[in-house]
**Student:** 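The structure under discussion is supplied below as structure tokens; questions concerning it will follow.
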Amino acid sequence: MSQIKIHDTLTNSKKKLEFSDKVRIYLCGVTVYDQSHIGHARTIIVFDTLRRFLEANDIQVELIQNFTDVDDKIINRAKEQGESANGISSKYIQTYFEDSDRLNIRRATNYPKATEHIDDMINLIQKLVDNESAYASKNGVYFRVSEFSEYGKLSKKKTEDLESGARIEVDESKESPLDFALWKFSDEQPNWESPWGKGRPGWHIECSAMSIKYLGKNFEIHGGGRDLIFPHHENEIAQSESFTSEQFAKIWMHAGMITINGEKMSKSIGNVKSINHVLESWGANVARLFCISGHYSKPIDYTEELLKENLIKLRQIETCYYELRLAEKTQETEDISSLLKESREKFDAALNDDFNTSLGLSVFFNMIKTINSLAADEKITKENAEMALPVLEYMLEVLGIKIQTVSDEEIESVFKLINKREELREQKQFEEADKVRDEIGSMGISLIDHKNKTIWMKKESIKAER
RNA sequence: GGUGACGUGGCAGAGCGGUUAUGCGUGAGCCUGCAAAGCUUAUCUAAAGGGGUUCGACUCCCUUCGUCACCUCCA
């Protein structure tokens with residue numbers, strides 16, 4: 001059983017994650033009308049890392065992440081480009097998977113699409129209409145906010161305040177300006193038949209329908225970016241709880257925004273950095289380290305400096321891994337078993353306390369620093385390494401960091417070249433020795449000269465470094 | 001205007017009512033034929049301002065100032 005506690009937005013408190021056989025997570029995905037940016041990636045990485053942490057501790061996770069593939073934005077984009085809405089959404093779903101795979105995100109259990117769950121939504125809406133939580137009007141079917149007395153409990157908003165807000169559109173056909181659309185009438189494609197008339201679903205209803213369908217009436221964690229708290233998640237609660245008369249998600253977990261110059265990254269401001277862009281320049285490992293460098297609930301400001309800092313950290317991880325992988329018998333040694341045990345415990349403790357990845361990373365890098373400094377003194381024995389590697393690999397797996405690995409045959413051939421270089425150096429044939437070094441370098445390998453031996457590592461090639 | 005979050009050393013960023021967070025950067029050094037990487041060590045002795053509670057506050061309370069997010073679509 002996991003000891004993890006997570007901050008719940010609804011109760012504004014840390015809650016123990018309780019579950020029976022598995023942890024069920026619903027994560028609000030993206031609207032597929034354009035490339036995803038690093039802000040989207042952050043949310044996905046946070047939840048992927050959480051999932052990895054649970055799974056690495058033998059907890060089964062069912063993760064559902066939806067695609068919003070019917071929406072005004074998609075339709076508009078389709079019109080602009082003279083394409084079908086379906087063409088646009090499937091194109092960007094594909095892009096999404098490409099980004100996601102490159103970021104080393106574990107595939108979710110399922111990626112339901114809104115357009116494939118229209119019947120489920122209609123059933124849900126029907127029941128809401130039947131129990132007076134919703135009504136049909138001229139433009140569509142609306143949720144009757146006044147029927148849900150707890151409306152505003154997630155976002156801590158009062159309906160009076162919302163009503164007096166200036167930004168709510170006035171729609172004469174709605175009973176109240178707060179009422180939101182479950183179904184929008186439309187003769188335009190894409191549209192579907194419904195008991196109330198042809199049209200398409202509203203945004204919020206899809207997540208209610210799909211989360212209930214795949215995860216049941218109440219599941220462990222509902223996640224998404226902070227910006228979804230209102231109105232999206234607030235409305236989901238209203239719909240779902242009016243439908244089931246039960247508590248919806250047990251924990252609402254929200255990830256902070258990525259900002260640029262302190263300002264939220266968003267398409268409307270036009271300050272977005274696409275996942276593709278970040279991957280091209282920095283690679284997945286740096287991107288992942290960057291995205292979990294602060295607490296998940298807080299914003300992270302996107303700067304090149306910060307990415308560079310994380311690149312340096314990646315190099316330290318690589319060094320550590322290769323020091324362990326290539327460790328040989330040495331005379332001197334030091335007992336590192338307590339370091340390893342403590343690191344593992346503190347790492348887990350940090351993540352168990354509201355998934356504090358920032359604190360967890362500091363434990364992780366402390367361990368790496370210690371191992372690297374012992375290695376520099378040639379005090380890492382084969383036995384040490386065999387003890388340390390599983391701990392390191394556990395953490396790497398949780399963090400989703402993929403180090404370039406090598407086969408035993410590769411190790412042998414590299415060492416052959418290194419020995420060749422050593423011989424040349426001893427004979428002071430430095431020019432020849434440097435040629436061998438270049439040859440090794442062209443294999444993506446860099447050398448680390450210690451006092452008595454030369455160690456090496458396969459480094460991830462990072463464009464931004466050059 | 002309403003609601004929520006936040007303000008920590010050059011930068012990033014945690015915890016904690018009394019103990020060095022950590023990392024990056026920077027300086028010096030070690031290693032080296034050179035380089036890179038790595039390593040060692042030093043450095044900054046931080047808490048937006050003002051009150052209060054306390055033997056003691058960065059940590060709790062109040063207040064002023066500032067920043068951000070949401071209140072429209074948004075991860």
Side-chain angles (χ1 to χ4, degrees), chain A residues 9 12 27-31 33 36-47 65 68 71-73 152 155-158 160-169 178 203 223-232 234 254-259 261-269 272 289-290 293-295 297-301 303 305-306 308-313 315-316 318-320 322-323 350 353 356-366 368-369 372-378 424-426 428-431 433-434 437 441 446-452 454-457 459:
Chain A
T9 308
N12 196 22
L27 178 61
C28 283
V30 292
T31 301
Y33 72 104
S36 297
H37 57 69
I38 187 71
H40 299 116
R42 197 246 177 129
T43 301
I44 303 157
I45 287 167
V46 164
F47 283 89
Q65 189 183 351
T68 299
D71 179 88
D72 290 348
K73 282 184 178 162
S155 57
K156 322 286 180 235
K157 291 187 191 306
K158 297 192 183 97
E160 308 93 81
D161 294 339
L162 286 168
E163 271 166 14
S164 60
R167 286 153 111 179
I168 293 174
E169 51 166 325
L178 297 188
W203 174 39
R226 290 205 85 81
D227 53 353
L228 296 186
I229 293 173
F230 191 92
H232 187 53
E234 192 70 63
H254 290 106
M257 300 291 104
I258 296 273
T259 59
N261 298 322
E263 227 181 359
K264 178 179 165 182
M265 184 179 286
S266 78
K267 298 243 171 65
S268 45
I269 299 173
V272 296
L289 286 172
F290 166 76
S293 61
H295 192 265
S297 64
K298 289 188 175 177
I300 297 181
D301 205 49
T303 61
E305 288 70 31
L306 212 45
K308 199 175 161 205
E309 195 174 312
N310 283 293
L311 170 60
I312 289 163
K313 291 180 180 181
R315 295 305 185 212
Q316 291 172 350
E318 289 174 323
T319 304
C320 182
Y322 277 91
E323 291 286 7
D353 187 10
N356 193 333
T357 51
S358 178
L359 193 58
L361 282 175
S362 77
V363 175
F364 175 66
F365 284 110
N366 268 332
I368 284 178
K369 277 253 158 191
N372 285 354
S373 73
L374 286 172
D377 289 342
E378 300 180 9
L424 290 166
R425 286 173 75 196
E426 267 169 40
K428 306 234 182 266
Q429 299 187 20
F430 296 124
E431 242 175 71
D434 285 351
R437 183 167 70 192
S446 15
L447 305 179
I448 307 167
D449 289 332
H450 289 325
K451 285 191 188 86
N452 301 311
T454 297
I455 233 131
W456 52 272
M457 62 180 185
K459 288 189 350 187

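Because the structure is a prediction, the values reported are computed rather than measured.
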**Student:** Expressed as a whole number of Å, how far does the C1' atom of B:A14 sit from that of B:A21?
**Tutor:** 7 Å

**Student:** Determine the Euclidean distance between corresponding P atoms of B:G27 and B:G1; express it in Å to zero decimal places.
**Tutor:** 47 Å

**Student:** Could you tell me which residues satisfy side chain to side chain contact (heavy atoms under 4.5 Å, CB included) with A:Thr454, sequence neighbours excluded, listed by chain and number?
**Tutor:** A:Ile418, A:Arg421, A:Glu422, A:Arg425, A:Leu447, A:Asp449

**Student:** Using a 4.0 Å heavy-atom cut-off, does A:Leu447 contact any base of the nucleic acid, only the sugar-phosphate backbone, or nothing at all?
**Tutor:** base

**Student:** Looking at the side chain of A:Leu228, which of B:A75, B:G2, B:C24 is the nearest nucleotide?
**Tutor:** B:A75

**Student:** Please confirm whether the shortest side-chain N or O distance from A:Ser266 to OP1 or OP2 of B:C73 is below 4.0 Å.
**Tutor:** no

**Student:** Report all interatomic pairs (protein N or O, nucleotide N or O of nucleotides 11-16 of chain B) with separations under 3.5 Å.
**Tutor:**
residue, atom, partner, partner atom, Å
B:G13, O2', A:Ser358, OG, 2.9
B:A14, OP1, A:His295, N, 2.8
B:A14, O3', A:Asn356, ND2, 3.2

**Student:** Find every protein N or O atom lying less than 3.5 Å from an N or O atom of nucleotides 30-32 of chain B, and list the pairs.
**Tutor:**
none

**Student:** Using the C1' atom as the point on both nucleotides, what is the distance between B:C60 and B:U53, in whole Å?
**Tutor:** 8 Å

**Student:** In dot-bracket notation, what is the pairing pattern of RNA chain B, taking Watson-Crick (N1-N3 plus N6-O4 or O6-N4) and G-U wobble (N1-O2 and O6-N3) contacts under 3.5 Å, with [ ] crossing and | for other strands?
**Tutor:** (((((((..(((.....[...)))((((((.......))))))....(((((..]....))))))))))))....

**Student:** Select base, sugar-phosphate, or nothing to describe what A:Lys73 touches, counting heavy atoms under 4.0 Å on all strands.
**Tutor:** base

**Student:** If the condition is side chain to side chain contact (heavy atoms under 4.5 Å, CB included), which residues does A:Lys459 pass it with, not counting sequence neighbours?
**Tutor:** A:Arg315, A:Glu318, A:Ser446, A:Met457

**Student:** Please tell me which of the listed nucleotides, B:G23, B:A75, B:G38, lies nearest to the side chain of A:Asn372?
**Tutor:** B:G38

**Student:** For A:Lys264, enumerate each residue passing the salt bridge (Lys or Arg N to Asp or Glu O under 4.0 Å) test, keeping only those at least two apart in sequence or located in another chain.
**Tutor:** A:Asp227

**Student:** Is there a side-chain contact between A:Ile448 and A:Tyr322 in this structure, where contact means two heavy atoms from C-beta onward sitting under 4.5 Å apart?
**Tutor:** no

**Student:** Has the side chain of A:Arg437 got a donor or acceptor atom sitting under 3.5 Å from an opposite partner on the base of B:C34?
**Tutor:** yes

**Student:** Any donor-acceptor pair under 3.5 Å between the side chain of A:Lys157 and the base of B:C70?
**Tutor:** yes

**Student:** Does A:Lys308 have more than 12 heavy atoms from other residues, nucleotides or ligands lying within 6.0 Å of its NZ?
**Tutor:** no

